[in-house]
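The figures that follow rest on heavy atoms only: side chains count, while hydrogens, waters and symmetry mates do not. Whatever order the structure lists them in is the order used to number ligands and atoms, beginning at 1.
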Amino acid sequence: MVAIVLQDKSFLAQKAKSFVLLLHTNFKFDAVLKEISSISGEYLEAFFKEKKFIGKWGQILTLPVHNKGSFTYYIFVGLGDSKTEVLEYYRRSVAQGIRAAQGHKVDSVAVLLPSISKIDHEEIIRTTAVTISMTLYAFDDFISFKEAPVKIEHVTLVSAKKLTAADKKALTQAIVIADAVNKTRKLIDLPANFINPITLSEKAVEYGKEHKVKTTVFNQAEIIKMGMGGLNAVGMGSQHGPRLVVMEYKAKAKNAPTVAIVGKGITFDSGGLNIKPTGYMEDMKDDMSGAAAVINTICAIAQLEAPVNVIAVAPLAENMVSSKCNHPGDILRFYNGKTALVGNTDAEGRLVLADALAYAEKNYTPDVIIDLATLTGACVYAVGPFFSGLLTQDEKLAKQLEKVAVTSGDALWRLPFIELYKKMVETSFADICNDGKTKYKAGATNGACFLSHFVEKTPWAHIDIAPTAFDVPDTPYYQNGGGTGAGVRLLIDFIMNYEG
Ligand code: BES
Ligand code: ZN
Ligand code: ZN
C-alpha cells in the first residue's frame, strides 16, 4: 500500500524519482521552476514555450532529467484558472499527474501542493491525498505478471506553508477515507465467484472486528423468522442464501444523533426469471456496491471517532435463476407487514432494501436514513456517469447532502420525487408492485416511490448509485472498468458534519 507523508521542507530537496507541479494558467516562472531549469540545462522556459504549456486545464508536460545514470521526471500539470475552485477539476489534474508518474515506472513521487483561492489548505491536503490514493488503486490480483510491476509506494505532499496540526489531521483523515474507498472498490471488483452473500457477510465481520464496530449477521432462517419476505424471496434462488448485515458504531457522547446508512447488496444480479439479456448482465457483480460502501463507511467513521452514532444495514442476496427462485407474480410480505406484487424479478434491489429500511427505522429510530443502491438503469440514462441520483422529499436533508456532494467528490443530481408519482407503484393485487406503471417512465423515481413505503416517519434520502458505482469513463482517479467506491466519501463527509 502507498504511504503518503506531509512535508514543509524544500520541494526539490525531496528524495523522489518524480515531481509533480500543478500550475495555474499563466503561472509565474518562480524560484522552483528556475531551480528545475538550472538542474536541467536552463531550457525549461523554452520547453514550455515550444510545447505551448501555459497551465491550461488538461495540459501535461514531462521533463526527464538525467543525473548519474538515472532519470528524475518533472511533471507539469495545468490547473486552468478559476476551474479549480470546483474541486472536481483539481482532483482530475492531480490524478493526471500521478498517472503520468506511474507511466514512468517510478516508485516515488513528490507533489507540490498549490494554493487555490476559496479552498482551505487543509481541504487541499485532504483532497489531494484521497485522490492520489484512489488513483493508485489497482485491481490486478488475478494477473500473472512476468515481472512485478513498479508501483508508486511513497508519496510526499509538500506544502509551501508551514504545516499546522490541522493540516496533519487532514492527512490522517484522508488516509482513512481513501482506505475505505479502496476497500469498497476491491469488494466490488472481486467477481461473484468470490463474493456472495456469505463471503461478503464474512468480510463485514472481519472489517467490523478490525475497527471495533459491532457486527451482527442474520442467516436465512433468521431472515424468514423476522418476516423479511423481500430479502428472502430475492436470495432463495441461490445456493448461497441471503444474509442481513447490521453494524453499529456508538459515539462517545450519550445524546449524539443517529444516522442509519443502508446499502443494496446484490452480489450478482442475473435478473432472476426476468433474466437480463447479453450486454446487461456482465457487470452485475457491481450490484453490491451500496452494501460495500456502507460497510466500509461505518469502519471509517469508527476510526475517525465521529460524534454521531451510525448504523449500517446491508441486505445481501444473489439474484439467480433456479427451481427455488421467486417468480413474476409472486406476492411478498415484508418486515413492516406491507405486501408487494413481484411484477419483475429484476427489480430486486427495492425488495431487499424494503426489509432493510423498515428494520433500520423500527429497531434504531435514527434521526436520518440514507440508502445507497445501484437501483435502476433509468438513473444511468438520466444523469450520466458523473452523478448519482438523489431522491428525497426532505428539503433540509437534500441541502445537507448537496453540500457534501461538492466537497467530498461524490456528486449528486436531484431527481423528481413528489407525492403524485407515488401512484406509479399501485396495483390491485397487493399494497404495491415492484415494477411500477411504465407510462410514468421515470424509473429512478419509481424505485424511490416503492422504497418510500418502508420509511414511515424518518427524514430519508435514496441515492441511486447505478450511474457512478462502476466503470465510470474518463476519470483518471478511477481504474477503467472497475468499481469506484461511490458514496463512501459522501457518507463520511455527511456523517462527520452531521449536527441533526
Ligand atoms: N441492478 C439493476 C440496475 C442497474 C442497471 C445497476 C445498470 C447498474 C447498472 C437493477 O436491479 C435492475 O435490474 N433494475 C431494473 C428495474 C426494472 C425492472 C423496473 C432496471 O433498471 O431495468
Ligand atoms: Zn435487477
Ligand atoms: Zn440489481
Answer yes or no: is there an ion pair linking Glu88 with Arg92, defined by an N-O contact shorter than 4.0 Å? yes

Between Ser270 and Met281, does a side chain to side chain contact (heavy atoms under 4.5 Å, CB included) hold up when you go through it step by step? CA-CA 6 Å; Ser270 71; Met281 202 195 290; 4.2 Å; yes

Closest candidate by heavy atom, reference atom 1 (N) of ligand 1, pool Thr345, Asp287, Asn446: Asp287

Atom 9 (C) of ligand 1: the protein heavy-atom neighbour that sits closest, reported with distance to 0.1 Å: Met284 CE, 3.6 Å

Passing option when Ile175 is tested against Leu171, Thr172, Ile177 for side chain to side chain contact (heavy atoms under 4.5 Å, CB included): Leu171

Contact region, Lys264 to ligand 1, non-hydrogen atoms below 4.0 Å, reads side chain

Would you call Glu222-Lys225 a salt bridge at under 4.0 Å N-O? no

Ligand 1 N/O within reach of Asp286 N/O, cut-off under 3.5 Å: no

Atom 17 (C) of ligand 1: closest protein heavy atom, distance to 0.1 Å, is Ala347 CB, 4.2 Å

Closest N/O/S atom of Asp287 to the Zn ion (ligand 3), by atom name? OD2

Supply the atom-to-atom distance Leu391 CG to Ser452 OG, rounded to the nearest 0.5 angstrom. 10.5 Å

Atoms of ligand 1 under 4.0 Å from any heavy atom of Ala466, numbered from 1 in the order shown, are 6 (C), 8 (C)

Taking both backbone and side-chain atoms into account, decide whether Glu348 has an N/O/S atom under 2.8 Å from the Zn ion (ligand 2). yes

Please list the nearest protein heavy atom to atom 18 (C) of ligand 1 with its residue and the distance rounded to 0.1 Å. Asn344 ND2, 3.5 Å

What residue and atom, counting heavy atoms only, is the protein's closest point to atom 22 (O) of ligand 1, and at what distance? Gly377 N, 4.5 Å

How about Glu206: does its CD atom have over 12 heavy atoms from other parts shown lying under 6.0 Å from it? yes

Restricting to N, O or S atoms, which atom of Asp269 is closest to the Zn ion (ligand 2)? OD2

Residue Lys276 vicinity, atoms of ligand 1 by number, heavy atom under 4.0 Å: 2 (C), 12 (C), 13 (O)

Can you confirm, on distance only, whether ligand 1 has an N/O atom lying under 3.5 Å from any N/O atom belonging to Arg350? no

Within 45° cone of Phe386 ring axis and under 6.0 Å: Arg91 NZ or CZ: no

Asn182 (side chain) donor-acceptor with Ser133 (main chain) under 3.5 angstrom: yes

May I ask you to check whether over 12 heavy atoms, not counting those of Asp141, lie within 6.0 Å of atom CG? yes

Protein contact of atom 2 (C) of ligand 1 - nearest heavy atom, named by residue and atom, plus distance: Asp269 OD2, 3.5 Å

Please give me the minimum heavy-atom distance between Pro459 and Asp394, naming the atom from each residue. CB-OD2, 3.3 Å

Going by the 4.0 angstrom heavy-atom rule, the piece of Asp346 near ligand 1 is both

I need the contact type for Leu375 against ligand 1. Using non-hydrogen atoms and a strict under-4.0 Å cut-off, is it side chain, backbone, both or neither? backbone

Near the Zn ion (ligand 3), is there an N/O/S atom from Lys264 that is less than 2.8 Å away? yes

Atoms of ligand 1, numbered as shown, that sit under 4.0 Å from any heavy atom of Glu348: 11 (O)

Does the distance from a Lys or Arg side-chain N to an Asp or Glu carboxylate O, for Lys264 and Asp287, drop under 4.0 Å? yes

